[in-house]
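The structure appears below as structure tokens.
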Amino acid sequence: MNAYLQNLNQEQLQAVLTTQGYVRVIAGPGTGKTRVLTSRHSHLIRSGVNPMNILSVTFTTEAAIEMRRRTVANIGYFLPVSICTFHYFCLGILKRNIQRLNYPNRFSIIDRNGQVKMLREIYSEMNVHAREYPPAEMIEYISRLKASLDYVPHVAQGMSADVATTLPGATEGRLNEIFVKYLRKMRKYRAVDLDDMLYFTLYLLRQHKDLLDDLQNELQYIQVDEFQDINQAQYDLIMLLHGKHKNLFVAGDPDQTIYSWQGSNIRFINEFDRNFPGAQTFMLTTNYRSSSSILDVSNSLIMHNRNRIDKPLVPVAMSEAAAGHYQAKNIYDEASYIALSIISRLDDFTVKFSDNAILYRASYMSRVVEEALIESGIPYIVIKGTAFYEREEIKDALAFLKLLAYGDNISFERIINKPARKMGKTRIYFLEEYAQEHKVTLLQALLACIGRPPFDYPEIKDFLAVFNEIKARIGLMSTSQVLDEILLKTGYEELLRHDLDSERLDNVMELKRAVVKQEGDTIGRLDITEYLAKVALYAEPVDGQRPNSVQLMTIHSCKGMEFPFVTVCGMNEGGLPSGKSVSEEEIEEERRLAYVAFSRAQKLLTLTSANGFDFNHIPLRPSRFLSEIMPGLIREVRMLN
């Protein structure tokens, strides 16, 4: 038996050696799902199957790279193996066949930022304001329309003039018009978005039997990773591809379905045996990651979800310590406890900073934790994200205050076009020339030139009027009030309300709360310059290259990771579960998020929650998930001395 097979347990080995027909693997966290997928891919090759006759698809480039690495290591020599993401697979088909859609062979792939630029161009042509149709909402609307409409034939036919009347489904004429213009511009610029990659591929396979036949003949074995996360288009693609040989192997965990907002449908994995009669199901329940106390907490919580496939995880490692819960006086006490607990673990010289992970539901929640870590001298990095004071919107907000306090050029250039005020390169160059000649700042130059060409237009006049009005009243307002007014009256806050990333506004609200906290901690008045001096401590760039650092991340970012010590902070109603979760289905997804977070821990799991108020001044209450965990599984802990 090959070495990679000898390292499998009985559950894993049965799944790997089942090479024919329909197979579903329900794999709990830490049970070796990736090992099973790569071992089976390797076993098929070792059994004589041509590597090009096997396709394994997953969701992230990082996962695909890791699966390829393990497979090549198992085989013992390099072979071109077909392990890739759904979009990469579709890209290969489109590169060879997109001309069949009457689409240019050379095309570009645009991301969400590219989509926003496209929409702004359309809005300008239609004289439509972004406030009326926020770009973030419009992109979601376009994605939903593409999922429900047979739009690709119209793209292939060149987008005829009457296309708007032949595309039912838009709820309002203006929305339909924006959608059609979007399709036309994509074609004009020879671009495709991520939705197009899937839908174009599906259309080609359905319309061109020769292409589908070739792929079906080639792909004799198909494996799908993270099957709980696939959407309808991805499911349809797999159904087409596997149709001839009917060898389909899927692996995933319905208890880790956390992307329904991206279209994932838990029914695809839950109902696999009904949709494919005769399918075999293997359960991976032996957990190699977490101690028994952590699994007890995780199992106890997820049992509250309905209609799930029961698979209680069985630990290999017994507990070193029971999971803990710290109920803090407020969010600052919560952050202090987290920092102190990390320091206390270092008494064991085998423990490193990097053994510790801090997980949170939303990125704005990292602010108080980061401040506590900085004050305690604890190195940290933010995984798949940005440190709080390095986020663009936080730098913008502080730049507004700096411009009021110092009038400096760096802050001026940062915020003068946020939101857009027609201050392009030509006008900025004019100001720079004037400022250099008269030895003044850019702000002073603008104040001197306002009302004269090229600075005689409403947007810039309005900005200076707001700026001067607030600056004149600085002595009558607190720093937090100044920040409130400048962000509101300049339109910056409104700009964030329509941003693609809704968390950017949450981050600014969190910054406002930080200012209020600083004011409360200060004896006497905290003016703007004093606040900026204090916050400079936190705004030092975080070195993302330090290997021995505490790791901070959102729960969505921690999928597939593991750490000896995990702290899940913000275990409050409105935090986890999110305040946006209302229906039972949404609460169940939040419960799955908590399950994912808990099951990242190897040795010790700590949950923290806080009293006090959130940034909307709503009283904080402990998360319902804490009360759902069986009594006795979590010990209450106190602040460390």
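Residue numbers start at 1 and run along the sequence shown.
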Are the aromatic rings of F59 and Y259 close, with centres under 6.0 Å apart? no

Would you sort out whether I258 and V596 count as a side-chain contact (heavy atoms from CB on, under 4.5 Å), showing the intermediate values? CA-CA 9 Å; I258 59 174; V596 167; 4.3 Å; yes

Below 4.5 Å, heavy atoms only, C-beta onward: do L145 and L175 meet side chain to side chain? no

Counting distance only, does the side-chain N/O of R427 pair as donor-acceptor with the main-chain N or O of K422 below 3.5 Å? yes

Exactly one candidate in L496, T386, I394 meets side chain to side chain contact (heavy atoms under 4.5 Å, CB included) with N507; the answer is I394

Any sub-3.5 Å donor-acceptor pair from E589's side-chain atoms to S260's backbone N or O? yes

Please check if the side chain of E585 supplies one atom and the backbone of V582 the other of a donor-acceptor pair under 3.5 Å. no

When you measure from the side chain of N102 to the backbone of Q157, do you find a donor-acceptor pair of N or O atoms at a distance under 3.5 Å? no

May I ask you to decide if S478's main-chain N or O and E519's side chain share a donor-acceptor pair within less than 3.5 Å? no

Q115 and I110: side-chain contact (heavy atoms from CB on, under 4.5 Å), yes or no, with the steps? CA-CA 7 Å; Q115 290 178 287; I110 65 168; 3.8 Å; yes

For the pair R414 and K402, evaluate side-chain contact (heavy atoms from CB on, under 4.5 Å) and give the outcome as yes or no after the intermediate values. CA-CA 11 Å; R414 182 173 189 92; K402 288 177 182 177; over 6 Å; no

I need the Y364 OH to E510 CD distance, nearest 0.5 Å. 7.0 Å

Donor-acceptor under 3.5 Å (D253 side chain, Q228 main chain): no

With heavy-atom distances below 4.5 Å as the criterion, would you say the side chains of M553 and L359 are in contact? yes

Between E390 and A387, is there a donor-acceptor pair closer than 3.5 Å when you use the side chain of the first and the backbone of the second? no

Show, in sequence, the C-alpha distance, side-chain angles and deciding distance for Y141 and I178, and conclude whether the side-chain contact (heavy atoms from CB on, under 4.5 Å) test is met. CA-CA 10 Å; Y141 176 78; I178 293 171; over 6 Å; no

Give a yes or no answer on whether the side chain of R421 reaches the backbone of I416 with a donor-acceptor pair at less than 3.5 Å. yes

Is the count of non-hydrogen atoms from other residues, nucleotides or ligands lying under 6.0 Å from R306 atom CZ greater than 12? yes

Just checking Y406: does its OH atom have more than 12 heavy atoms from other residues, nucleotides or ligands closer to it than 6.0 angstrom? yes

Is there a donor-acceptor contact under 3.5 Å from the side chain of S124 to the main chain of E121? no

Is any side-chain heavy atom of L205 closer than 4.5 Å to a side-chain heavy atom of L237? yes

Got more than 12 heavy atoms from elsewhere within 6.0 Å of CD1, I109? yes

Backbone of S578 reached by a side-chain donor or acceptor of R361 within 3.5 Å: no

